[in-house]
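Report on the structure given below.
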Amino acid sequence: MNLEKSPFSEQQSSTFDSFELQLNNDAKEFLRGAASWGMGFAILGFIGSGLILLMSLVLIATGGTQSGMPTASMGFLYLIMGVMYFLPMLFLLKFSNNAKRALDENNNQQLTDSFKNLKNHFMSAVIAVIVIFVTTIIFVVVMAATVASQF
C-alpha cells in the first residue's frame, strides 16, 4: 500500500506550523475577566478547603463514635477531601496569576504557563471528584454495614 502525502497536506501542515494565535482586545478582556473570577473562586476554594481540613482535625482529635461510625474515620475522610479540594484551587490560582501577568507584560510564555495551569486545574478537579465519589460510596457502604450489623 502506497501512503504518499499529497502536496496539499504538506502545504497545509507547514502553514499551520508557522501560524501564531493572536488575541484581540475583546479576547484579552475576556481572559482578564476569567482570571479575576478564577482568583476569586480559588480564594473561596482555599477557605473551604481550610474549613474541611479544620473539621477533619476536630473529628480526629475528639474520637468516639457518631451513628456507629468512629469519628476519627470520618475525620480521615474529611482530610482526604480537603487535600483533594486544595489541589485544583492551587492550579486555578496559578492560572489566574500567570494570565494576569501575561496580559500585563504581553508575555507569551506566561500565557502558555497559565493555560497549562488551567489544564491542570480541570484535570485535578476531575480526579478529585472521582476520588471523593469513590470515597463517599465506600463510606456509605461501610456505614450501612455498620448499622446493619447492630440489628
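Note that these values count all heavy atoms, side chains included, but never hydrogens, waters or copies made by symmetry.
The list of ring pair (Phe, Tyr, Trp, His ring centres under 6.0 Å) pairs with a residue in residues 84-104, not counting sequence neighbours, reads Phe46-Phe86. The salt bridge (Lys or Arg N to Asp or Glu O under 4.0 Å) contacts involving residues 43-56 comprise nothing, where partners must be two or more places apart or lie in separate chains. The side chain to side chain donor-acceptor pair (under 3.5 Å) contacts involving residues 35-58 comprise nothing, where partners must be two or more places apart or lie in separate chains. Screening residues 117-131 for salt bridge (Lys or Arg N to Asp or Glu O under 4.0 Å) gives no qualifying pairs among residues at least two apart or on separate chains.
Take Phe41 and apply the side chain to side chain contact (heavy atoms under 4.5 Å, CB included) test, not counting sequence neighbours, and it matches Met89, Leu92. Partners of Asn108 under the side chain to side chain contact (heavy atoms under 4.5 Å, CB included) rule, at least two apart in sequence or in another chain, do not exist in this structure. Residues satisfying the salt bridge (Lys or Arg N to Asp or Glu O under 4.0 Å) criterion with Glu29, sequence neighbours excluded, are Arg32. Checked against side chain to side chain contact (heavy atoms under 4.5 Å, CB included), Leu23 has the following partners two or more places apart in sequence or in another chain: Ala27, Lys28, Leu31, Leu111. With sequence neighbours excluded, the residues that form a side chain to side chain contact (heavy atoms under 4.5 Å, CB included) with Asn98 are Arg101, Asp113, Ser114, Asn117. Taking Asn106 as the reference, nothing meets the side chain to side chain donor-acceptor pair (under 3.5 Å) condition, with sequence neighbours excluded.
Within the hydrophobic cluster formed by Ile, Leu, Val, Met, Phe, Trp and Tyr side chains joined at under 4.5 Å, directly or through other members, Val83 is accompanied by Leu53, Ile60, Phe76, Leu79. Clustering of Ile, Leu, Val, Met, Phe, Trp and Tyr by side-chain heavy atoms under 4.5 Å joins Val58 with none of the others.
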